[in-house]
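First comes the structure, then the notes that go with it.
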Amino acid sequence: MTASARLLIVGPQGSGKGTQGVRVAETFGIPVVSTGDIFRANIKQGTDLGKKVTAILDAGDLVPDELTSEIVRDRLAQDDASNGFLLDGYPRNTAQVAQLDAFLEERGESLDAVILLDVPREESLERLRLRAIEQGRSDDTDEAIAHRLDIYEHETSPIIEIYQERGIVDRIDGVGSLDEITERISTALNARGVGQQLV
Ligand code: AMP
């Protein structure tokens with residue numbers, strides 16, 4: 001008996017989606033597929049992909065859609081994602097939503113829920129400045145941070161409407177302790193019956 005959960009976590013940079021994504025994925029025993037983490041790992045290892053995307057990440061720009069979607073398709077085709085996954089950072093614009101839809105449709109799958117972490121812009125900015133000091137991420141400069149938040153507002157926010165029309169968005173208040181926020185997400189997913197369907 002296996003439960004499946006195909007999830008997406010969305011929120012502005014600094015909303016805590018990475019941290020909450022890991023916690024939620026652990027609960028369901030599914031892998032986190034974070035495009036940002038995949039790009040950063042490739043940069044660190046100096047792969048061809050890493051070399052291609054270094055300047056893009058440093059500027060806070062988006063990696064081309066086709067390339068990003070191909071990477072996600074390959075990752076989701078791996079065995080550990082056959083029963084579910086939690087996407088973090090992808091899709092990030094409407095073109096990527098269409099590319100993900102096409103891929104999932106081929107597999108007879110669809111997303112069960114989209115967790116939207118709601119955090120005011122000022123709070124996100126503050127958290128990102130802190131992370132810049134603590135982790136020294138090269139794309140956490142003031143300029144790149146502001147640019148990424150603008151991209152979120154203009155390119156990523158519209159994807160929420162698409163998923164809202166499908167009735168799968170759970171808007172979660174992202175301000176509070178880590179445990180409180182995880183609890184809010186779990187409550188919302190339980191109410192939706194996510195992970196409880198037996199295959
Ligand atoms: P993140 O860790 O999600 O904040 O992503 C870090 C950076 O990786 C972003 O600023 C983009 O440069 C790149 N990136 C991550 N996910 C995507 C995506 N879905 N499409 C395009 N670029 C992405």
Side-chain angles (χ1 to χ4, degrees), residues 6-25 31-77 81 85-104 111 114-119 121 123-163 172 174 181:
R6 294 185 177 85
L7 308 173
L8 161 64
I9 191 160
V10 192
Q13 286 72 26
S15 62
K17 69 184 168 62
T19 309
Q20 291 298 334
V22 168
R23 289 173 156 231
V24 173
V32 174
V33 176
S34 157
T35 39
D37 282 352
I38 294 172
F39 291 135
R40 278 185 292 276
N42 276 275
I43 290 172
K44 209 170 161 189
Q45 289 157 20
T47 65
D48 286 346
L49 172 64
K51 284 177 196 143
K52 228 185 254 178
V53 302
T54 302
I56 300 176
L57 263 80
D58 280 348
D61 283 327
L62 291 188
V63 174
D65 296 332
E66 276 301 337
L67 178 59
T68 307
S69 289
E70 195 184 311
I71 287 162
V72 174
R73 275 197 297 271
D74 285 349
R75 177 63 189 90
L76 292 183
F85 47 78
L86 181 139
L87 291 168
D88 168 6
Y90 175 93
R92 229 174 175 97
N93 57 27
T94 54
Q96 292 181 11
V97 170
Q99 287 160 357
L100 176 65
D101 278 348
F103 172 73
L104 291 179
L111 293 179
V114 176
I115 303 155
L116 169 60
L117 270 189
D118 225 359
V119 174
R121 186 177 170 117
E123 170 102 13
S124 297
L125 274 171
E126 194 47 43
R127 292 186 193 176
L128 286 170
R129 287 195 195 105
L130 270 180
R131 186 174 78 184
I133 296 166
E134 286 165 6
Q135 298 180 9
R137 249 176 71 163
S138 60
D139 60 347
D140 275 347
T141 60
D142 277 355
E143 209 183 355
I145 288 171
H147 186 49
R148 271 151 59 218
L149 285 173
D150 282 343
I151 290 183
Y152 180 79
E153 275 162 27
H154 295 115
E155 295 197 41
T156 308
S157 285
I159 78 169
I160 294 158
E161 270 166 51
I162 298 177
Y163 290 123
I172 307 290
I181 299 165

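In each ligand, atom 1 is the first atom listed, and ligand 1 is the first ligand listed. Computation of the quantities below employed the complete heavy-atom set of this structure, encompassing side-chain atoms and omitting hydrogens, waters and symmetry-equivalent molecules.
- Using a 4.5 Å heavy-atom cutoff, the side chains of Asn42 and Val53 are not in contact.
- Contact of the Leu8 side chain with the Pro91 side chain is registered, since non-hydrogen atoms from C-beta on lie closer than 4.5 Å.
- Of all the listed residues (Gln13, Arg92, Glu155, Gln99), Arg92 holds the heavy atom that lies closest to atom 1 (P) of ligand 1.
- The single protein non-hydrogen atom nearest to atom 20 (N) of ligand 1 is Gln96 NE2, 2.9 Å, given as residue, atom name and distance.
- Residue contacts with ligand 1 for Thr68 involve side-chain atoms from C-beta outward but no N, CA, C or O (heavy atoms, distance under 4.0 Å).
- When heavy-atom distances to ligand 1 are checked against a 4.0 Å cut-off, Asp65 has no atom that comes that close, whether in backbone or side chain.
- Between atom NE2 of residue His154 and atom CG of residue Asn93 there is a gap of 14.0 Å, rounded to the nearest 0.5 Å.
- A salt bridge is defined here as a Lys NZ or Arg NE, NH1 or NH2 lying under 4.0 Å from an Asp or Glu carboxylate O, and Glu126 with Arg129 meets this definition.
- What sits closest to atom 7 (C) of ligand 1 on the protein, heavy atoms only, is Leu57 CG, 3.7 Å.
- Between Val63 and ligand 1, an N or O atom pair is found at a separation short of 3.5 Å.
- Thr19 places none of its side-chain heavy atoms less than 4.5 Å from the side chain of Ile181.
- The 12-atom threshold is exceeded at CG of Asp74, counting heavy atoms of other residues, nucleotides or ligands nearer than 6.0 Å.
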ask   = Step by step, would you call Gln99 with Glu66 a side-chain hydrogen bond (donor to acceptor under 3.5 Å, both in side chains)?
value = CA-CA 8 Å; Gln99 287 160 357; Glu66 276 301 337; 3.2 Å; yes

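- In terms of polar-atom proximity, defined here as any N/O pair under 3.5 Å, Thr35 does make such a contact with ligand 1.
- Contacts of Lys17 with ligand 1, taken as heavy-atom pairs under 4.0 Å, involve the side chain alone.
- Of the N or O atoms in Arg40, one or more lie within a sub-3.5 Å distance of an N or O in ligand 1.
- Counting atoms of ligand 1 from 1 in the listed order, those under 4.0 Å from a heavy atom of Tyr90 are 19 (N).
- Looking only at side-chain heavy atoms (C-beta outward), Leu128 and Gln13 come within less than 4.5 Å of each other.
- Note: an N/O pair closer than 3.5 Å links Gly89 and ligand 1 by distance alone.
- Listed by number with element, the atoms of ligand 1 under 4.0 angstrom from any heavy atom of Arg148 are 10 (O).
- Here the protein heavy atom with the shortest distance to atom 11 (C) of ligand 1 is Asp61 O, 3.3 Å.
- Protein heavy atom closest to atom 23 (C) of ligand 1, with residue, atom name and distance, is Phe39 CE1, 3.7 Å.
- With respect to Arg121 and Asp150, a salt bridge is recorded, a charged nitrogen being found less than 4.0 Å from a carboxylate O.
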